[in-house]
Each structure stands twice: as structure tokens, then as C-alpha cells.
There are 4 protein chains.
Amino acid sequence: MMNRSILIGRLTKDPELRYTPSGVAVTQFTLAVDRPFTNGQGQREADFINIVTWRKLAETCANYLRKGRLTAVEGRIQVRNYENNEGRRVYVTEIVADNVRFLESANTQRDDQHNQDIGMPVEPSRKPMNQDPFSDDSKPIDISDDDLPF
Amino acid sequence: MMNRSILIGRLTKDPELRYTPSGVAVTQFTLAVDRPFTNGQGQREADFINIVTWRKLAETCANYLRKGRLTAVEGRIQVRNYENNEGRRVYVTEIVADNVRFLESANTQRDDQHNQDIGMPVEPSRKPMNQDPFSDDSKPIDISDDDLPF
Amino acid sequence: MMNRSILIGRLTKDPELRYTPSGVAVTQFTLAVDRPFTNGQGQREADFINIVTWRKLAETCANYLRKGRLTAVEGRIQVRNYENNEGRRVYVTEIVADNVRFLESANTQRDDQHNQDIGMPVEPSRKPMNQDPFSDDSKPIDISDDDLPF
Amino acid sequence: MMNRSILIGRLTKDPELRYTPSGVAVTQFTLAVDRPFTNGQGQREADFINIVTWRKLAETCANYLRKGRLTAVEGRIQVRNYENNEGRRVYVTEIVADNVRFLESANTQRDDQHNQDIGMPVEPSRKPMNQDPFSDDSKPIDISDDDLPF
DNA sequence: TTTT
DNA sequence: TTTT
């Protein structure tokens, strides 16, 4: 009915641009968002929140965002579920972003050696989308054209 | 760094008040939040979003919220993880609410037989908290005093 | 850069649908939003927040919203200024809404005599837009096609 | 009932710390928030949104924020009104912030000569609060202990 | 495992 | 100028 989230945090990795079978661009990344308090041991923890963007915004994110960059994200919470390769139902919560702000552009970044070497904007790595975008090990596709938000 | 979500939806079940070992009140419930578009088959789907409240707010929620009630929730997204009884790491995403608004009070509710029979406010069911609050089958506790947000 | 507000409150009056000279629909209304605390005299005050909607949303709001109705509004804060008939610069702050939720539809409304008499949806009153939509007395137009947000 | 705004923008001036007669700290500043579109002449405009903070947050803001700094603000919209020296009722809309994030700390700031000269954190200027904090010309006080949000 |  |  109403579903709005706004987050500010830092990318845990470079984002990765993929394409659905019908050719729609999708970019996923994770934002580390510091908690507003410290835990029992006096350490500040973070929530690691998955973000998905589609189409033109996906391409802009892939082009301009990099690991560690401070970023603001606005979107809606989505809870998808799919059956994994062991036949178990897995629930994935993610933010479907419709507004992303790059709070650190390349030239405000201090020790990003990669940017200095390469120049910005950089072409993102493009992989065929045959992986669970939120994990590192091989799993069957779990994002398809059915997941398109519009 | 910044982490705020606002949701309006309906409770999928009555909320349930529990207590941590040290006696702190926790109430959890799920909000069905309709998506702003229809899927490929022309049906409107919903996201089922888990909500946690603590302390006094937990008790108010347990007292006044009921299955089906339209409710607004404001809070931060939290991603917890714990090891389940099969030794697998399970990720739970939920909203830690600090503001909950009851958009339908008992007397604006039309066909809530339970309310008519019982009168409002109603004492919530109180169970010892020895269950995963997001499931119906027996699992070891996965909320403890360590999860307290402050 | 980022600008998002979410409000829940009640309409202080029926909304009014108007049209810019070029024929674009605009609806404005004010939301009374209760403050989360009481003042020095123990009374709860409210903030009276102006809302503007454009185009199709303007027409839906004019059709379905009525004085007193509980309503959720999402949009961006806008600060316009114009010169009034005395040559003074007047600042107007309002929410340009892109998402409005009717939390009380006509049939959940208890004592809205107007709705019972007339049936819902009702055709809104349509006035030529030759008035300051936030006041009741005659002033020159201060919303024009230049104010169109897109 | 619910009232939440989140803004990202840049300070139009250094903030100014003041004190109410009873000694409570208040800091006010204005955020320039770029609009998400360009106007008829292809220029990007901004909304200038007034922010108020109280107590400890007021002191932190006065200590760390400076003109031009990119800043995220979270709070509630408040509409105050007071009678000005000509006997007219003036409406002031502002965000009462409860969360402010400094997105550019002193050392990520490139051409802030003031910071380089002075070193950060800097003691803010402290003026007795006998001015309308949102204007430059002399007017009677319009913030008092009655405006305290809690 | 889901609400109207 | 304000709503329940």
C-alpha cells in the first residue's frame, strides 16, 4: 500500500551489471549501513542490505558506483522467494531502488587507486546473468523477466 | 549511516508478545504490503515484511493490533543471521519499528467477529519465547537479549 | 539531491480541482498531522501541511478525498515564492505528492452525511483557477504552468 | 499521525547556534536541495528548506556543519506561525531534525579555505537569539521555549 | 506459512 | 483560515 525506504551506506563490492534473457539491464549491489548504536562489546555493526536497480538506472549505477563509495538509495522493500538447488524455499529481501545518489564521485575519492589508474566513468564488468547475484558460488538463475517491477 | 523505512499494510496474523530471557518485551508480526503494480497474470501481489517491536511499543502493538488491521510502521531495516538446527546460516531481514500507527481501531473495523465478541483492548496471547517467532514449527530461539536495539 | 516526505493525517477541507491555463489538472488540500507530543497546556497540536497533486493523481484525489478523511501522502517538499498583491514576496512550502493513499474509503466513513446522501465517487466541485488555492479571499493566481513539476 | 522527511542537500550558510531564554541550544540552517528536473529554461533549481535542531544535536551541527557541506537530514515537518512586527501572521515551515549526517567531513572538503585556515572542529559563532533565525534583518524573537519539541 |  |  505504501512502501518506502531510504538508506545511506557504502558498497561492499563493485556492482555488477547483468541482463535478463529478454535483454533488460539489472544491477545488484549491497550497501553496508552502520547501525546507530554499538553492540554489547562496544563495536559498531552494520546491516548489509541488498539493492536491485533496473534499466537505465541499472546502467548508471554500474558505470559510476564502486566498492566503498558512499551512496544514498531510495526504493521499496521487496521479498522474493525461490526454490534453491536443494529444493528449499529461500527468501530474499532487497530494495528495488528508483533513486540512487552518488555521494562520492570519483574525484572526491581519496585512496581509490583503481579510479586514478583507469579514469572515470569506467565500463563495468559484464557477465551473463547465470548466478545468484547475491552469492559467490554457482547457483541457478533466480532473477528473470518475471521479476521486472514495471 | 541512515536507514529509514515506512510501510503501510495489513497484519497477516495476530501479533504475539514474547519476552527475552532477561524479561524484555518483543512483539513480531508480518505486514502484507500490496505492490504498486500487477504481475504478468494481472494479479496484484504483496510483499510480506517482518516487523519487530521492543519494550513498551511491543506491548501496545500486542494489545491493539490484530490480523487484517491496516497499520503504518516506521523503523530501520535490520539483517540478522543465525545458525539453524541443521547448521546452516539463515539470514532474516526485518524492520525494527520505533513508530507504529493503528489506522483501523477496533470500532472502525466492520466484520471482525473477534473484536465484537471480546471488546477492545484485548489481552494478547502470551507464550514463552522458545520458538522462532517467524515460523510455526519448533526451532530453537533466535531472538535474545543480544538483539536488543538499545 | 534527495527529498522525500511521508505524512499521515486528515484533510482540513474538501479538496478542490482546478486547471492551469493550459488545461493541466491541479488539486490542493491541507493535511492536519497530529504532533507526537502535547504542548505545555497538555493539548495535542497539529501541523497543517499543504499538499499539491498534478494531472491524473489530481483528479483521483479530487474524486475520492473529502474533509476529515485519513490519508497518507508521499512526495517532495517544494518552496515556491511569489509576489503578492501588496508587492511582498510570499514563501509557500508544500508537498508535491506523487503517491496518495486513501486510508478511509467512503464506506468505512461513519458520519459523513454528504457521502451517504450523494454516493461515492462524487464529482468534485470545479472552479476556474483564478484564486490562490491556499486562501479563501481573492488574490491573483499563483500557480501556473511554470509550476508543473514534469 | 506520521510525519517524516529525509533530505540531502548543501548548507546555504554556516549554521548558527543560539539559546532559548531557559538555556536550551537551538541551531538553524537552510539546505539547498536540487530539484530532480530542470525548469522551462533548462536550469536546475533548488528548494531552500529550513532546518532546526535542538539540544545536543544542535551543538554537534553547529560544531561540524559549514556552508556548502553536503548533509543528510531526517525529521518532521513543522508549521509554526507568529505575528510579525506589522501585525501580520507569518507561517514558517521547517524540518525539526532528529538525525543529521555529515556526508562531507572537513578533510573530504576540497576548496573550503576557512577549514584549512582554522582547523576542524571549529567553535561556532554564538549570538544571543534575538533575531528571526531565518532572516537577516531585525525582527523580534520568534523561537522560544514554547517551541521545544520535547 | 500470509492480509483486504 | 484548519482535521479526528
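Naming: A, B, ... by sequence-line order, numbering from 1 per chain.
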Task: Spacing between D/Asn81 atom CG and F/dT1 atom P, to the nearest angstrom - done: 7 Å
- [ ] Could you work out which one of E/dT2, F/dT2, E/dT4 sits closest to the side chain of B/Asp34?
- [x] E/dT4
Task: Spacing between C/Leu65 atom CG and F/dT4 atom P, to the nearest angstrom - done: 14 Å
Open item on the list: Using whole Å, what does the distance between atom P of nucleotide E/dT2 and atom CG of B/Leu11 come to?
Closed with: 16 Å
Task: With sequence neighbours excluded, residues passing salt bridge (charged side-chain N to carboxylate O under 4.0 Å, His left out) with B/Arg88 - done: A/Glu86
TODO: Decide yes or no for D/Asp47 and C/Ile77: does some side-chain heavy atom of the first lie under 4.5 Å from some side-chain heavy atom of the second?
DONE: no
Open item on the list: In whole Å, I'd like the distance from the CG atom of C/Leu103 to the P atom of E/dT4.
Closed with: 16 Å
- [ ] Choose from F/dT2, E/dT3, F/dT3 the nucleotide whose nearest atom is closest to any side-chain atom of B/Ala32.
- [x] E/dT3
Open item on the list: Tell me the interatomic distance from C/Glu16, atom CD, to F/dT1, atom C1', rounded to whole angstroms.
Closed with: 14 Å
Task: Interatomic distance where CZ belongs to B/Phe29 and P belongs to E/dT4 [whole Å] - done: 15 Å
Task: Residues which pass side chain to side chain contact (heavy atoms under 4.5 Å, CB included) with C/Thr60, listed by chain and number, not counting sequence neighbours - done: C/Lys56, C/Tyr64, C/Phe102
TODO: Starting from C1' on F/dT3, measure out to CZ on C/Arg44 and report it in whole angstrom.
DONE: 14 Å
Task: Proximity to the side chain of D/Tyr91 - top-ranked nucleotide from E/dT3, E/dT1, F/dT1 - done: F/dT1
Open item on the list: As a test of reading the structure: which of E/dT4, E/dT2, F/dT4 is closest to the side chain of B/Arg10, going by heavy atoms?
Closed with: E/dT4
Task: Basic-acidic side-chain contact under 4.0 Å: C/Arg55, C/Asp98 - done: no
Open item on the list: What's the closest nucleotide to the side chain of D/Arg89 if the choices are F/dT4, F/dT1, F/dT2?
Closed with: F/dT1
Task: For atom CG of C/Asp47 and atom P of F/dT1, their distance in whole Å - done: 15 Å
